[in-house]
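Note that the coordinates shown come from a computational prediction; the quantities given were computed from them, not determined experimentally.
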Amino acid sequence: MVIDLDGPPALVNLYYVSSLVDHIAKRHDFGWVDSYTAGKILADDVRFLAPTRSIPPARLPRTCRPPLSHTPPQSYLFRHIAPFDWHVRGARMAPIPRLAWDDPAALELMQRRQPVVLTGTRLAGCAQQKWDLDYLRAHVDPAAMFSVYSSPNGQFMYSNVNKNEPGFAFTPTVYHEELRFTTFVERLAQAEKAAESPRVYLQQPLYQGIGDRITDDFKTVPWEWVNAVQLALGFGPLTTNLLLIGQPGTVTPCHYDEQHNLLAVCRGEKKCTLFSPDQFECLYPYPVGHPADRQSQVNFDEPDDRRFPRFAEARGEVCTVAAGDVLYIPPCWWHMVENVAQDGLNTAITFWFKCGPGDAPAKKDRGSGVLVSVRRNLEKMAAQELGPRAAIQFWKATMAANGQELEESSFRDYHVALVERVQLLLPKPEDAAVFLEGLVAGRFHPSLCEKVSTTSQ
Ligand code: OGA
Ligand code: ZN
């Protein structure tokens, strides 16, 4: 099949999908093939279509080493659970399988929405080969603005202060700016020189305005393979390619995204700790209306056992994703990402896809992200029905009641109505009250909700 790669990557995507379906129809001698059948057949075609160009090993930039004293401590989990300890300690932290991109077992794991490290995909080969700081500085559009975050302690928790309808008191520790690339490079140099300077992390969606040369490089991504995977696994459309350039020692704390992610590491190395969506009750996400929605409230370096008692029960999976590897993170899987390479920068590109036809839930699959979506929707529904502020007070009262009857009568009535609705959703209706308890436990602590009152609704 000959595919002509013109047009920006985000636009060629749709074209590929249709040309792939054609290709499969021909390859399998069908006159016509619907996308569902194409998805099934494509498990084989993914291998057939993979690129074969070889790519020389990455040249790691030697600049921007942080002073050793500034490297943040290793996270709680890694301090306490050394890799060689995994088997001794049983199932607490398991390794994520690491498989060649064309190993059928890898595709099967992804089909089951399980994480896997794929080796040898060449997914971000362009960035691996070329995109060091000097190259990017020389070839990005000098007028283009880049999204850069600064953090005094190297922890880069994502938040959105514009999203705070209930009025939570929240001051982000991460500062966001739009900078020219040259200014970002200057900030990196400052951070390298002075331990007290904030760490910086570039997190910029790739789009055509970044520069023609960069766009041309990005067209060399093996889009046939990307689209074959997308179709084979029933992902929805590709939404974003985020370019991540982070300093050694920086950490993205534990959170979940609602999309599929093929996280392609181009330079450096990332240590990733994942937790299945069924670990929800051990990881205490912020409320849905909070600016830090989807982030865990637990500080992994100093977990507060009294406030988050079930964190100690969390069962996770770990892997190291090296340059050239791709980590598949399924939707609603928690992940903490540590940039561990000590030598040079850590560069990666995300390939985020919406959920699609392959995400219809297997019945009673508690490991899937579906129950996370159900919980999110219940929080959104209460915000709509009670108002955002009263809904937070309702959840706080539900948490305080700890399975007993709620004191305030209007909240009590709403709780009864909510239990009845949840009963419709669960295979065992008698589990509904416990499900609601698990939804709120530890998440609506009075200190988090203190600025949220119902008076100025
Ligand atoms: C992600 C993500 C953070 C990082 O790819 O979804 O959270 O630091 N990445 O790489
Ligand atoms: Zn993420």
Side-chain angles (χ1 to χ4, degrees), residues 50-66 71-72 74-75 77-78 81-84 86 93-103 105-107 109-110 114-133 135-136 154 156 201-203 217 220-222 225-226 229 241-252 254 260-274 316-330 333 335-352:
T52 49
R53 274 175 300 122
S54 69
I55 287 171
R59 279 168 293 126
L60 293 175
R62 301 243 150 221
T63 52
C64 305
R65 282 179 218 156
T71 306
Q74 281 235 311
S75 73
L77 285 170
F78 287 110
I81 304 154
F84 49 80
W86 287 341
M93 293 304 285
I96 292 175
R98 185 181 164 81
L99 298 169
W101 65 272
D102 56 350
D103 187 328
L107 215 63
L109 282 169
M110 294 167 81
Q114 296 291 313
V116 57
V117 178
L118 304 173
T119 61
T121 64
R122 304 197 176 104
L123 183 57
C126 56
Q128 208 181 328
Q129 279 177 298
K130 295 183 180 172
W131 291 7
D132 60 17
L133 279 187
Y135 181 91
L136 288 170
F156 286 84
Y201 206 153
L202 182 140
Q203 304 193 357
D217 289 342
T220 66
V221 162
W225 184 80
V226 173
V229 167
N241 294 113
L242 195 71
L243 172 64
L244 296 151
I245 304 183
Q247 294 182 271
T250 49
V251 176
T252 298
C254 194
H260 298 273
N261 187 3
L262 295 172
L263 176 63
V265 173
C266 319
R267 282 153 190 265
E269 203 169 83
K270 286 177 187 281
K271 197 173 243 179
C272 302
T273 307
L274 272 62
E317 298 178 30
V318 283
C319 61
T320 299
V321 194
D325 296 343
V326 172
L327 170 63
Y328 168 59
I329 308 176
W333 273 69
H335 48 287
M336 172 175 76
V337 182
E338 303 175 75
N339 287 316
V340 287
Q342 289 304 311
D343 194 9
L345 295 172
N346 294 270
T347 305
I349 300 178
T350 69
F351 289 73
W352 270 312

> Nearest heavy-atom pair of Val321 and Cys272: which atoms, and what distance?
Replying inline: CG2-SG, 3.8 Å
>> What's the separation between atom CG in Leu327 and atom CG in Asn261, rounded to the nearest 0.5 Å?
In response: 7.5 Å
> Mind checking what makes side chain to side chain contact (heavy atoms under 4.5 Å, CB included) contact with Asn346, not counting sequence neighbours?
Replying inline: Pro248, Asn339, Ala341
>> For Trp333 versus Pro115, what's the shortest heavy-atom pair and its separation?
In response: CH2-CD, 3.5 Å
>> Give me the atom names and distance for the closest heavy-atom approach of Gln114 to Pro330.
In response: C-CG, 3.8 Å
> So which of Asp325, Thr119, Asp103, Thr320 actually passes side-chain hydrogen bond (donor to acceptor under 3.5 Å, both in side chains) with Arg98?
Replying inline: Asp325
>> Within the structure provided, determine whether Leu109 and Leu99 are in side-chain contact (heavy-atom separation under 4.5 Å).
In response: yes
> Step by step, would you call Leu345 with Gln247 a side-chain contact (heavy atoms from CB on, under 4.5 Å)?
Replying inline: CA-CA 5 Å; Leu345 295 172; Gln247 294 182 271; 4.3 Å; yes
> Do His335 and Leu263 come within less than 4.5 Å of each other through their side chains, counting heavy atoms only?
Replying inline: no
> What closest approach, in Å, do Lys270 and Ala348 show between heavy atoms, and which atom pair accounts for it?
Replying inline: CE-CB, 3.5 Å
> If you measure from CG on Leu262 to CH2 on Trp352, what distance do you get to the nearest 0.5 Å?
Replying inline: 12.0 Å
> Could you state the interatomic distance from CG (Leu202) to CG (Leu136), rounded to the nearest 0.5 Å?
Replying inline: 9.0 Å
>> Please enumerate all residues that pass side chain to side chain donor-acceptor pair (under 3.5 Å) together with Asp217, with sequence neighbours excluded.
In response: Lys130, Trp131, Tyr135
> Just how far is it from atom CD1 of Ile96 to atom OH of Tyr328, taken to the nearest 0.5 Å?
Replying inline: 12.0 Å
> Looking at CD1 of Ile245 and OG1 of Thr250, how far apart are the two atoms once the value is rounded to the nearest 0.5 Å?
Replying inline: 11.5 Å
>> Rounded at 0.5 Å granularity, tell me how far CG in Leu242 sits from CZ in Phe351.
In response: 11.5 Å
> Can you find a pair of side-chain heavy atoms, one from Leu118 and one from Leu123, that are under 4.5 Å apart?
Replying inline: no
> Which heavy-atom pair separates Ala124 from Ile349 by the least distance, and what is that distance?
Replying inline: CB-CD1, 4.3 Å
>> Less than 4.5 Å apart, side chain to side chain, heavy atoms only: is that true for Lys271 and Val318?
In response: no
> Going by the angle between their ring planes, with limits at 30° and 60°, are Phe156 and Tyr201 parallel, tilted or perpendicular?
Replying inline: perpendicular
